[in-house]
Amino acid sequence: MRILSSEVKDHIGEEVQIEGWLHKKRLLGGLTFINVRDRRGLTQVVITDKDEVEKLRGLQIGTVLKVEGMAHEEPRAPGGAELKDAKITVLVPVEAEPPIEIDKPLSHKPDNLDTLFEHRVLGLRNLQEAKVFKIRASLLRYLREFLYDNEFVEINTPKILAGATEGGAEVFKIDYFGGEAVLAQSPQFYKQIMTGVYERVFEIAPAYRAELSATSRHVSEVTMLDIEMGFIEGHEDVLDMVQDMVYHALTKVYKEHADDLKSLQAPELVLKEKFPRYTVAQVHEMYTKATGTDTTNEKDLIPDEEKWICEYATKNDGCEAVYVTQFPVEAMKFYHMVNPDDPTTVMWGDLLFRGLEIATCPQREHNYDKMIEQMKAKGLDPEHPGYKYYLQAFKHGLPAHGGCGFGIDRLVEKTIGLGNVKEAILFPRDINRLAP
RNA sequence: GGGCUCGUAGUGAAGAGGCCUAUCACGCCUCCCUGUCACGGAGGAGAUCGCCGGUUCGAAUCCGGUCGGGCCCGCCA
């Protein structure tokens, strides 16, 4: 009967059996230590028998082993317990030398990322790399937990579409039984439609962006958390919900994974329950005044402003997450709602965290006639098949609603303090990488 | 798409016209070592210095091209 690494200490004085991967050998002559890795972590095994040590000869890191031995309490062993008088059985022999190191931290220098991803299959077995994706899983878990607790229904929408309609990013064209289709760059239309069913919905799914962007914050396949909620009383309801969700997930993860985050050298979390909010115009004005670079005519924030306002908010508001609201009407998409109190701005806020935009949170125009009007103003044809089904939902009644498109990869990157969004993705896809 | 950068054993780095028959660390192989946990010690194998061409008596090093990365901008989340 197999027990796990974390259970060895509960079986002191008993003959136990563990199974896992050979993680590290340390031969000290008459005494050999090996670490065996399983899903819970490492078990230290002490081997003194020459014949048992000889079984390990030529076997590389990654060998799948069964180890039977006596569980001993041992203060000198990691975790306070180890296996002694061990008998080793090789379940899957491995003779190939791993191309990268498994038991020492891997280089994450930008110049070495290509090697990191080239050997990703084995590099992910590195304990430090594995921690990144455990933390990612926890973030997703707590985001989901918050959304379920707030009556959001999890949905799945199609990723193969007839044509690009959301506007914005470039799309991938694919061959669809001889015809042309595109990969979804956002589930936005579908989630808005679904507010007509459940009021509150969310989806965690990939989105595909064919942008020729080669930066530390872009990939071709991203994991998006898309949220949409109906019957809002104003844009603030959306911002509050997303804020509370992020606060919930980050504080939980920082508590649960304190040790892992520390070993990954993640920054200390500086967060307030209520995130500071500044308008785009305010940020432009403050940034221009502080740096001398005039951004007052920019319609969006420039990347350096995103960094600057986050540093400003951390210092002055004690919060690394900050909302930038009221984007200028020049940047608006046809589905945005114009600010009723100020027609030069749109009900649209971006959530920034540690210098990077991680979510965009707009309120949508929900009035059918106004939508048609706004589409025509943008030169779009409401009769176009790409808009037909979408508009049907409005025609038959959608409440005031808004939501967010939330970049999971970027959240993981910034939570851990990584330098490139790709480091937060198991197998990243960018303009020049499609494998592994 | 534009600008700027970088390609040296499996991995990470040093070398910046001759001292290079290319150095170091990790990993690998052999040997020694009974409490290691980045174990330690001795030895060994492993690189046509991304590729092509040029300058030079001489090129890892300088120049041109090419291929492949990276960073930033634009675009975008």
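Below, chains carry the letters A, B, ... as their sequence lines are ordered, and counting in each starts from 1. Note that the structure is a prediction, hence the values are computed from the model and not measured.
Among the heavy atoms of the strands lying under 4.0 Å from Asn420(A) are primed sugar atoms or P, OP1, OP2 only; no base atom is included. Using a 4.0 Å heavy-atom criterion, one finds that Ala77(A) contacts the bases of the nucleic acid, with or without backbone contacts as well. The residue Ser216(A) sits close only to the backbone: its heavy atoms come under 4.0 Å of sugar-phosphate atoms, none of a base. Residue Leu106(A) is classed as having no contact, given no heavy-atom separation below 4.0 Å to the nucleic acid. Using a 4.0 Å heavy-atom criterion, one finds that Glu74(A) contacts the bases of the nucleic acid, with or without backbone contacts as well. Among the heavy atoms of the strands lying under 4.0 Å from Asp111(A) is at least one base atom, whether or not backbone atoms are also near. Using a 4.0 Å heavy-atom distance criterion, Pro99(A) is classed as a sugar-phosphate-only contact. Nucleic acid contact class of Val53(A) (heavy atoms, under 4.0 Å, all strands): none. Within the nucleic acid shown, Asp300(A) has no heavy atom closer than 4.0 Å to any nucleic acid atom.
Pair check for rG1(B) finds rC73(B); Watson-Crick or G-U wobble, both atom distances under 3.5 Å. Pair assignment for rG12(B) gives rC24(B), based on Watson-Crick or G-U wobble hydrogen-bonding distances that are each under 3.5 Å. Pair check for rC39(B) finds none; no Watson-Crick or G-U wobble contact set falls under 3.5 Å.
Using the six-membered ring where Trp is involved, Tyr287(A) and Trp308(A) have ring planes that are perpendicular, over 60° apart on the 30 and 60° scheme. Relative orientation of the Tyr387(A) and Phe189(A) rings is tilted, given thresholds of 30° and 60° on the angle between their planes. Ring geometry, Tyr390(A) versus Phe394(A): the interplanar angle exceeds 60°, so the pair is classed perpendicular (tilted spans 30 to 60°).
Note: CG (Asp114(A)) to P (rC67(B)) measures 17 Å, nearest angstrom. When rounded to the nearest whole Å, the span between CD of Glu101(A) and P of rC37(B) equals 16 Å. Here the P atom of nucleotide rC76(B) and the CD atom of Glu298(A) are 12 Å apart, to the nearest Å. Between the CD1 atom of Ile431(A) and the P atom of rC75(B) there is a distance of 17 Å, rounded to whole Å. The separation between Leu27(A) atom CG and rU36(B) atom P is 15 Å, rounded to whole Å. Note: NZ (Lys299(A)) to P (rG74(B)) measures 12 Å, nearest angstrom. Atom CG of Leu127(A) is separated from atom P of rC37(B) by 17 Å (rounded to the nearest Å). In this structure, CZ of Phe33(A) is placed 16 Å from P of rC33(B), rounded to the nearest angstrom.
Nearest nucleotide to the side chain of Arg410(A), out of rU36(B), rC76(B), rG70(B): rC76(B). Of the candidate nucleotides rG69(B), rC33(B), rU36(B), rU36(B) has the atom lying nearest to any side-chain atom of Arg76(A). Closest to the side chain of Arg26(A), from the set rG27(B), rG12(B), rU36(B), is rU36(B). If you check rU11(B), rC76(B), rC39(B) against the side chain of Arg209(A), the one that comes closest is rC76(B). The His218(A) side chain lies nearest to rC75(B) when the options are rA13(B), rG35(B), rC75(B). Picking from rC28(B), rC76(B), rG70(B) the nucleotide with the shortest atom distance to the side chain of Glu211(A) gives rC76(B). For Arg57(A), the listed nucleotide lying nearest its side chain is rC31(B); candidates were rC31(B), rG70(B), rG74(B).
Screening Gln188(A), Arg364(A), Arg200(A) for a side chain to side chain donor-acceptor pair (under 3.5 Å) with Glu228(A), the sole residue that qualifies is Arg364(A).
Of the N and O atoms on the side chains of Gln185(A) and Tyr208(A), not one donor lies less than 3.5 Å from an acceptor on the other residue. In this model, no donor atom of one side chain and acceptor atom of the other lie less than 3.5 Å apart for Glu211(A) and His218(A).
Projected onto RNA chain B by closest heavy-atom contact, Arg217(A) and Ser220(A) fall at different nucleotides, the more 5' of which corresponds to Arg217(A). Sequence order on RNA chain B of the closest nucleotides to Glu97(A) and Pro303(A) puts Glu97(A) first from the 5' end.
In terms of phosphate contacts, Lys25(A) brings no side-chain nitrogen or oxygen within less than 4.0 Å of OP1 or OP2 of rC37(B). At rG70(B), none of the side-chain N or O atoms of Asn112(A) fall inside 4.0 Å of OP1 or OP2 (strictly under the cut-off). Distances shorter than 4.0 Å separate none of the side-chain N or O atoms of Thr215(A) from OP1 or OP2 on rC73(B). At the phosphate of rG70(B), OP1 or OP2 sits under 4.0 Å from a side-chain N or O atom of Asn432(A). A close approach under 4.0 Å does occur between a side-chain nitrogen or oxygen of Lys104(A) and OP1 or OP2 of rG27(B).
Spacing of P atoms, rG2(B) relative to rA22(B), comes out at 41 Å, to the nearest Å. To the nearest whole angstrom, the two C1' atoms, one in rG7(B) and one in rA13(B), are 14 Å apart. Rounded to whole Å, the separation between the C1' atoms of rC28(B) and rG65(B) comes to 38 Å. Atom name C1', nucleotides rG17(B) and rC57(B): the rounded distance is 12 Å, in whole Å. Nucleotides rC19(B) and rG64(B) place their C1' atoms 29 Å apart, quoted to the nearest Å. Comparing the C1' positions of rA47(B) and rC20(B) gives a spacing of 13 Å, expressed to the nearest Å. Remark: the separation of the C1' atoms in rG54(B) and rU11(B) is 34 Å, to the nearest Å. Separation of the P atoms belonging to rG10(B) and rG53(B) is 23 Å when rounded to the nearest angstrom.
When all heavy atoms of Ser186(A) and Arg209(A) are compared, the closest pair comes out as CB-NH2, 4.4 Å.
Annotation: Tyr389(A) is not in aromatic contact with Tyr190(A) [ring centroid separation under 6.0 Å not met].
For rG35(B), its base sits under 3.5 Å from the side chain of Glu82(A) at one donor and acceptor pair at least. Evaluation of atom-type donor-acceptor distances gives a pair under 3.5 Å for the side chain of Lys84(A) against the base of rG35(B).
The existence of a salt bridge linking Asp49(A) and Lys87(A) is excluded, since no basic side-chain nitrogen approaches an acidic carboxylate oxygen closer than 4.0 Å.
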